[in-house]
Every structure is written in structure tokens, then in C-alpha cells.
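For reference, the structure is listed below as C-alpha cells.
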Amino acid sequence: MQMDKKSSIRLLDFPSDNLKSLLTLLFRGRGRGRLLRHYFLISLLLIAGGLITSGLLEIYFRYQESKEQLAFQQQETATVAAIKIGTFIHDIETAIKAATKSPGAEREDIDFELRRLLYLAPAINQAVILSIDGGARTQVSRSRAVSSDTGKDFSSSAAFQQARQGRSYFGPVYFAGESEPYMTVALPIERYGGSITGVLQAEVNLKYVWDVVSAIKQGKAGYAYAVTRSGDLIAHPDISWVLQHRNLSQLSQVKAAFQPDVGVTQAKALVANNLAGDKVISSHALIPTLDWAVVIEQPVEEAYEPLYASMLRTSSLLLVGLGVALLASLFVARRVVGPLEVLRSGAERIGGGDLDFRLNIKTGNEIEILADEFNNMAAHLSEAYTGLERKVAERTRELTLANEKLEEASKLKSQFLANVNHELRTPVSAIIGYARLLRRETEGQIAPLQRENLQDLLNNAERLLAQIDSVLDFATIEAGKMEVRVERVRVEEIIQGAASTIETILHDNSIKLIREIAPEIPTLNTDREKLRQIILNLLDNAVKFTERGEIKITASQQNGSLKLVVSDTGIGIEKGDLTRIFEEFHRGDGSSAKKYRGTGLGLAIVKKFVQLLGGEIAVESEAGKGSTFTVTLPLDSGARASV
Ligand code: ADP
């Protein structure tokens with residue numbers, strides 16, 4: 001079938017190419033955009049869900065990673081510093097130990113050893129040899145200002161006590177002259193296989209520790225400091241805090257540094273407040289020989305700066321991804337739902353009667369197959385429709401022909417009726433006229449048998465005329481030309497007239513005709529001739545179908561109507577005939593015998609006349625038991641139009 005360009009929707013036409021209309025379709029609530037919205041939301045959910053999940057996971061793992069990395073770096077720095085400080089102290093201890101091993105016992109020798117010690121270990125500010133009883137024997141000092149301890153008794157000092165027992169002593173940090181931190185180191189002087197002859201006590205300047213600690217930089221603002229178990233600050237980049245003797249034992253990172261961390265293998269940084277109350281990330285390393293710790297601190301903001309930057313990057317990427325996801329979802333939704341919408345609107349057009357409309361969908365999937373099926377269906381429908389139209393045209397032609405024939409037949413019928421009137425009724429009327437004339441003129445002049453024959457002739461001619469009149473009446477009724485002429489009529493008069501007519505055809509006395517006319521019946525306003533015809537036909541039938549017994553006609557007034565009842569004791573009517581006897585030309589089974597003359601028009605005319613006068617007719621009968629016809633007529637039939 002030829003594709004009509006105007007009546008096809010192309011895929012590109014939907015939805016119109018601007019985003020606005022697509023969005024309107026997406027979000028205009030219930031109804032037609034629902035499928036598109038579902039597809040859009042599902043694909044958006046899938047794509048965006050995946051993106052967001054992976055983005056969040058990325059951020060989470062990066063955060064963990066950064067934290068670990070930071071802790072690891074800090075830990076490393078702290079450990080290196082701790083080792084350096086430990087080595088520094090260890091070197092001093094070694095130097096002191098070497099000095100104690102000097103064989104010379106002379107004062108000069110000892111003096112020399114001590115000076116050598118001061119030379120080798122620049123951090124030692126002063127060294128003193130204590131005798132076995134705790135008395136200071138020899139002392140050397142870098143600073144001349146230092147007052148001599150020679151002769152002073154150290155026997156009760158902790159340094160002497162511990163060294164005397166053969167163990168190295170590392171004293172607490174103290175601040176000489178309220179300036180730099182110092183520490184007392186004391187070692188036993190051993191001779192000849194373990195016998196202790198004295199103690200070498202040195203004052204070590206811990207400024208070196210400060211050098212090590214303040215050289216440590218963690219990031220831009222990160223720093224390190226060294227602290228003792230009791231919380232005394234040994235070294236801090238800000239020397240003033242050391243000089244102020246700040247105690248850090250309350251800081252949680254310091255507490256954590258001296259807590260035995262059993263089984264901890266992974267570096268772990270701590271978030272805590274520093275001395276200034278700022279939030280820092282902190283790690284530490286213990287110097288076991290000294291029971292000191294190196295603590296690293298870095299401001300949280302700085303430590304997490306790369307993390308925040310990376311999170312920002314990831315979030316930005318996520319946003320871009322979401323934007324792309326949104327567009328992709330729109331694209332997918334449009335790809336899937338667009339053709340469906342074309343299909344729907346196309347089906348609507350075809351359903352609306354545009355059978356020449358064809359869908360043009362080239363998606364290469366099931367939707368295209370469906371569209372093709374729709375096109376096939378529309379083509380079949382179109383063919384069927386065309387076929388139907390052709391048939392209707394044929395039938396119309398046939399009907400027109402039949403109508404023409406009917407008109408022809410109707411014309412012939414009218415012609416026939418005119419002929420009946422002219423060719424039959426006129427001669428029969430003439431026969432009756434002449435027969436009556438003959439009967440009157442030959443009164444007493446012809447034999448009784450001849451007279452009887454003449455009477456038979458007259459009767460038959462009159463019956464024939466009645467039959468012809470019936471046919472003409474019926475034709476008039478059928479043609480809708482029967483008119484009702486209302487006048488004042490006395491029902492009794494009509495009944496009596498009809499009865500006397502009927503009496504002339506009652507053969508013998510085997511049938512009794514009874515009339516019962518209620519006296520209160522008022523004068524009617526009705527068509528005299530039709531009322532007469534109704535009564536006459538009913539009585540004529542009663543006579544015709546009754547052998548013996550009685551025929552009764554009663555007239556009464558009931559519920560403001562005239563009620564006429566004609567009953568007989570005749571052959572009655574079969575049940576199957578009861579509903580059909582009022583049809584024209586229908587004759588009952590029982591009446592088909594030759595002896596019952598008739599045309600089957602009598603009751604049909606009665607019924608039409610009753611209806612014309614605005615009344616009703618009913619029959620009750622039983623085969624072999626007689627019949628009763630009841631006619632109800634209005635007292636005033638009024639001026640009725642012709643039917
Ligand atoms: P026709 O009398 O000419 O046959 P009608 O129309 O007057 O035609 O009556 C139709 C049929 O109704 C009759 O043939 C007859 O079978 C039946 N019929 C009418 N009146 C009576 C009656 N009084 N008794 C028995 N049958 C009747």
C-alpha cells in the first residue's frame with residue numbers, strides 16, 4: 001500500500017527535539033509520560049547508584065589509606081629521631097665507659113682522661129670522678145664559672161648509689177641556671193675484673209636532643225618533641241616551652257607514648273589536642289634506655305589537606321559522572337520509550353479510523369516488529385473496509401431495484417383495485433339492482449322455486465359485493481387513506497340494524513340471536529359506518545361458524561368505554577390460530593372446509609377499524625365450544641386523523 005507522507009509519524013518527530021518538551025513529558029505526573037519516567041528513573045538509579053557507590057567507596061578507602069600513610073610517615077620520623085637520640089646517649093655512655101677504663105691512677109692521668117672525654121663528647125659539660133666513698137676527687141668543666149665540686153660528698157646521691165652498684169645511671173632532666181636541659185649520667189669505674197673503685201659522673205647538655213628534634217619537619221607545620229615518662233619536656237622546637245618546664249603528662253598522646261602497646265603491629269596515628277589546645281594528629285616512638293619518647297604532631301587541617309583535596313576531586317568527578325548519567329538516562333529512556341509512544345499514537349490514529357495511516361519505526365527490535373504487525377493489521381482492516389463498502393454499494397443498488405419493483409407492483413395494485421372497482425363492483429351492483437327489481441316486478445308472477453333461485457342469486461351477489469367491498473376497504477386502509485368521520489351515533493340503533501341484516505341469513509330456528517343492550521349507554525361520538533362494519537363482521541362470523549345454539553351480542557358501558565361482546569356456540573378456534581386470526585387473509589384450520597366461505601379479511605378489517613376508533617379487540621375461544629370477541633371503544637372517538 002502506498003505510504004502517505006502526511007499521515008505517518010517519524011521517530012524523529014517524537015518527542016520534539018528540545019529537552020524542555022521531553023522534561024515536560026517526564027514530569028507532568030500521571031498518564032502518558034509514565035513509562036518514559038519509569039525508564040528514566042530506573043536507568044538514572046542504576047547509573048547514578050553505581051557512580052555514587054563507587055565514589056563513596058573510593059573516598060572511604062582513600063581516607064583510610066591516607067590515614068595509614070600519614071601514621072606510617074610520622075611513625076618512621078619518630079622512630080628515626082628516637083634512634084638518633086638513643087644513639088647520641090649511647091655514644092656518650094660509650095665515651096664515659098671508655099674513660100672509666102683508663103688504667104692511670106694518677107691525678108694527672110685522670111684529669112687528662114676527663115678532658116679527653118669532654119673533647120670527645122661535646123655534649124658533656126662537666127665530668128667528675130667520685131671515690132668509692134662518694135667524695136668528689138677530680139672535676140673538669142667547660143665553663144670556668146662552674147663552682148668546683150671537688151671534696152663534695154655525693155655518697156647519698158642517686159647517681160652515685162646506682163653506679164656504685166655497677167649499673168649505668170641516667171638521671172632526670174634538669175635545667176641548669178634555668179636555661180638548657182641537662183642530665184646526669186653516672187657509670188662505675190671498674191678495675192681488675194669487676195671491682196668498683198669509683199664513679200664517673202657527667203653532666204650532659206641535652207641541647208643536641210633539641211637539635212635533632214627541631215630539625216624534624218612533618219609536612220609544613222608538623223613538628224616533634226621529646227618528653228620523659230613524667231611528662232617533662234626535654235626538647236621542643238619552641239625552646240621557650242622547654243624553659244618554662246612545661247609538663248605534658250596530661251596530653252593523651254604523651255600518655256599513649258608510654259603505654260605498653262602489646263601486639264600493635266600497624267602504625268596508628270592519634271587525633272589529640274596539643275599543648276596549645278589545637279587538634280593534631282600524633283605518633284610517637286619510645287627511647288627505651290632513657291624512658292623517653294619522641295612525639296610527632298601535625299595539625300589536623302594540614303595532615304588531611306591532601307585527603308580533602310582528593311575528596312574534592314572525587315566529588316567533582318562524581319558530579320560530572322552524575323550529569324553524564326542524567327543525560328545517558330534521558331537518552332536511554334528516549335530510545336526505549338520514544339518508539340513506544342510513536343506506536344501508541346499510531347495505534348490511536350488507526351483506532352480512530354485513519355486506516356491508511358502507517359507507522360514508520362526503524363528500531364531493529366521487537367518494537368519494529370510490532371509496528372509492522374500494526375501496519376499489516378491496518379492494511380487488512382482497510383481491505384476489509386473497502387470490501388464492506390463495495391458490498392454495501394451492491395446491496396444499495398439491489399435495494400433500489402427492489403424498491404423500483406415494489407413501486408411498480410404498488411402501481412399495478414392500484415391499477416388492479418381501480419379495475420376491481422370498475423370491472424367487478426359496478427357490474428355486481430348492477431346485478432343486485434336488477435335482481436331486486438326483478439324480484440319486485442315478478443312478485444306473485446313466478447313459481448316459488450324460481451323466486452327462491454332469484455333470492456339465491458341476490459344473496460350471492462350481495463355477498464360478492466360485500467367481499468369486494470372488504471378487499472377495497474382493506475386496500476384503502478393499507479394505503480393509509482381510510483378516514484374517520486365522527487358523528488353522533490346511538491349504539492342500539494346500529495346493533496338493531498346489523499342484527500336484522502344478519503337475521504335475514506339465519507336459515508332456520510336452530511340459532512337464536514340474542515341482543516342485550518344496556519339502557520344507560522349514552523350517544524356515542526364515533527364513525528357510524530365503521531362501528532356498523534365491526535358489529536356486522538363479528539355477527540357474520542358468528543353466524544358463519546355456528547351450526548346451532550345461540551349468538552349473543554351485548555353492549556354495555558364500562559370504565560367510561562363502550563364494551564361490545566359478540567359470543568357464539570360455534571366451532572371455536574384452535575389455540576394455534578388465536579393469535580393469527582386478525583392477520584389479513586389468515587383463515588383458521590377449522591374454517592378451511594369448503595362450507596365456510598370467506599377471504600380471511602373480515603377480522604383484519606375489524607381490528608384496523610377498532611384501532612382507528614381508538615379501541616381494542618380481544619378474543620377468547622376453545623375449539624368446539626364457541627368463541628367470544630370483546631371490543632372496547634371510547635365513547636368519544638373525537639376527530640381522528642386518517643391512518
Ligand atoms: P373469514 O371469516 O373470511 O375466513 P375472518 O377474518 O373473518 O375471515 O376470520 C378469520 C378466521 O377466524 C376464520 O377463518 C375462522 O377460522 C376464525 N373465526 C372468526 N370468527 C370466528 C367465530 N365466531 N367462530 C370460529 N372461528 C372464527
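When a ligand or atom number is given, it counts from 1 through the structure's own listing order.
- Less than 4.0 angstrom separates some heavy atom of Lys544 from each of these atoms of ligand 1: 1 (P), 2 (O), 3 (O).
- For atom 4 (O) of ligand 1, the nearest non-hydrogen atom from the set Arg587, Arg580, Glu584 belongs to Arg587.
- Side chain of Thr569 to main chain of Arg548: a donor-acceptor pair is present (N/O by atom type, distance under 3.5 Å, no hydrogens or angles).
- The N/O atoms of Phe545, backbone and side chain alike, include none that comes under 3.5 Å of an N/O atom in ligand 1.
- For Glu443 and Arg440, the salt-bridge test fails: no basic side-chain N is under 4.0 Å from an acidic carboxylate O.
- Shown here for Arg358 and Ala379, the closest heavy-atom pair between the two residues is NH2-CA, 3.4 Å.
- Ser621 and Ser627 share a donor-acceptor pair across their side chains, judged by distance under 3.5 Å alone.
- For the pair Gly598 and ligand 1, the shortest N or O to N or O distance does not fall below 3.5 Å.
- Nearest residue to atom 24 (N) of ligand 1 from Gly626, Ser627, Gly600, Gly570 is Ser627 (criterion: closest heavy atom).
- Taking every non-hydrogen atom of Ile573 and a distance limit under 4.0 Å, the qualifying atoms of ligand 1 come out as 25 (C), 26 (N), 27 (C).
- Contacts between Asp568 and ligand 1 below 4.0 angstrom, taking non-hydrogen atoms only, involve the side chain exclusively.
- Between the side chain of Lys552 and the main chain of Lys512, no donor-acceptor pair closer than 3.5 Å is present.
- Heavy-atom separations between Phe629 and ligand 1 include at least one value shorter than 4.0 Å.
- Listed for the Thr476 side chain is a donor-acceptor partner under 3.5 Å among the backbone atoms of Leu472.
- Contact atoms of ligand 1 toward Gly602: 5 (P), 6 (O), 7 (O) (distance under 4.0 Å to a heavy atom of the residue).
- Between the side chains of Asn537 and Gln533, a donor-acceptor pair is found at a separation under 3.5 Å.
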